[in-house]
Amino acid sequence: MHMEWNDLELFLAVADTGSLTAAARKLRVTQPTASRRLVDLEASIGEALFVRDQNGARLTAFGERLVEPARLMAEWAGEA
């Protein structure tokens, strides 16, 4: 599976903030843009990454498995 860094950055922002709105603010994009990008990411990998409800976004089991490799990638990107 190939994932773009921008997609993983969005994924981590949502995982860290627990909110698509807060993640959008952190990444300086609009909430609709962040939402569309997340929907596109989930469609491209064929898995839901978050359960969304009025209280925010919680990682799914698949999202839980992806979060640590994504954090490592963020660390390596920061070193580059």
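Numbering starts at 1 and runs along the sequence shown. Worth saying up front: this structure is predicted, and the values here are computed from it rather than measured.
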Scan residues 62-77 for pairs that pass side chain to side chain donor-acceptor pair (under 3.5 Å), counting only residues two or more places apart or in two chains. D16-R71
Any idea which heavy atoms bring L27 and A13 closest together, and the distance? CD1-CB, 4.0 Å
Using residues 44-57 as the side-chain source, report each donor-acceptor pair under 3.5 Å to any protein atom, sequence neighbours left out, with the distance given to one decimal.
residue: S44; atom: OG; partner: L41; partner atom: O; Å: 2.9
residue: R52; atom: NH1; partner: F50; partner atom: O; Å: 3.4
residue: R52; atom: NH2; partner: E42; partner atom: OE1; Å: 2.7
residue: R52; atom: NH2; partner: E42; partner atom: OE2; Å: 3.3
residue: D53; atom: OD1; partner: N55; partner atom: N; Å: 2.8
residue: D53; atom: OD1; partner: G56; partner atom: N; Å: 3.3

Minimal heavy-atom distance between G63 and F11, with the atoms involved, is O-CZ, 3.4 Å
In Å, rounded to the nearest 0.5 Å, how long is the span from CZ of R37 to CG of L10? 5.0 Å
Provide the full list of side chain to side chain donor-acceptor pair (under 3.5 Å) pairs with a residue in residues 17-31, sequence neighbours left out, each pair given once. T30-T33
